[in-house]
Amino acid sequence: MTRHIHVAPCWADAGAALAELVGEFRLDRTQDQPVALYLCSEKDTLLVLFEEWVGELGIPVLVSRGYGRESYLRLVRERAGAEQRPRILAYVGDADASGEDVMRDFITRRSTTVRPRGLRASS
């Protein structure tokens, strides 16, 4: 796991802060969609690709890093539980036994109704 030094953001002046905020502001593009779609990967290595593919669409990206920690699952459970629409979790991961079990474990431990959708590559 990568270690970070956490420092509160700061700017030289209010103008610099506002200039940065303009680049960060966005509306929730998923709010009028009929379902709440979540994209999940077992590995961090796919995060950059997922953000490239769906970042502008506002689709939440989850990285389980294998069997997810309870604190992370709680965060996912709270966000998904607040949704009033059907939730779909699209999992992209290994098609081996452990990759399939990670998805099963993730859904089981979330204890919120979710419709899983596994994505498989064809050969």
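- A search for side chain to side chain donor-acceptor pair (under 3.5 Å) contacts involving Asp28 returns Thr30, not counting sequence neighbours.
- Distance check, rounded to the nearest 0.5 Å: CD of Glu51 to CG of Leu46 gives 11.5 Å.
- Scanning all heavy atoms of the two residues, the minimum distance from Leu39 to Val54 falls at CD2-CG2, 4.2 Å.
- Heavy-atom minimum distance, Pro34 versus Arg85: O-CB, 3.7 Å.
- The ring pair (Phe, Tyr, Trp, His ring centres under 6.0 Å) pairs that include a residue from residues 30-55 are Phe50-Trp53, where partners are two or more places apart or lie in different chains.
- When all heavy atoms of Arg26 and Gly55 are compared, the closest pair comes out as NH1-O, 3.7 Å.
- With sequence neighbours left out, Gln33 forms a side chain to side chain donor-acceptor pair (under 3.5 Å) with no residue at all.
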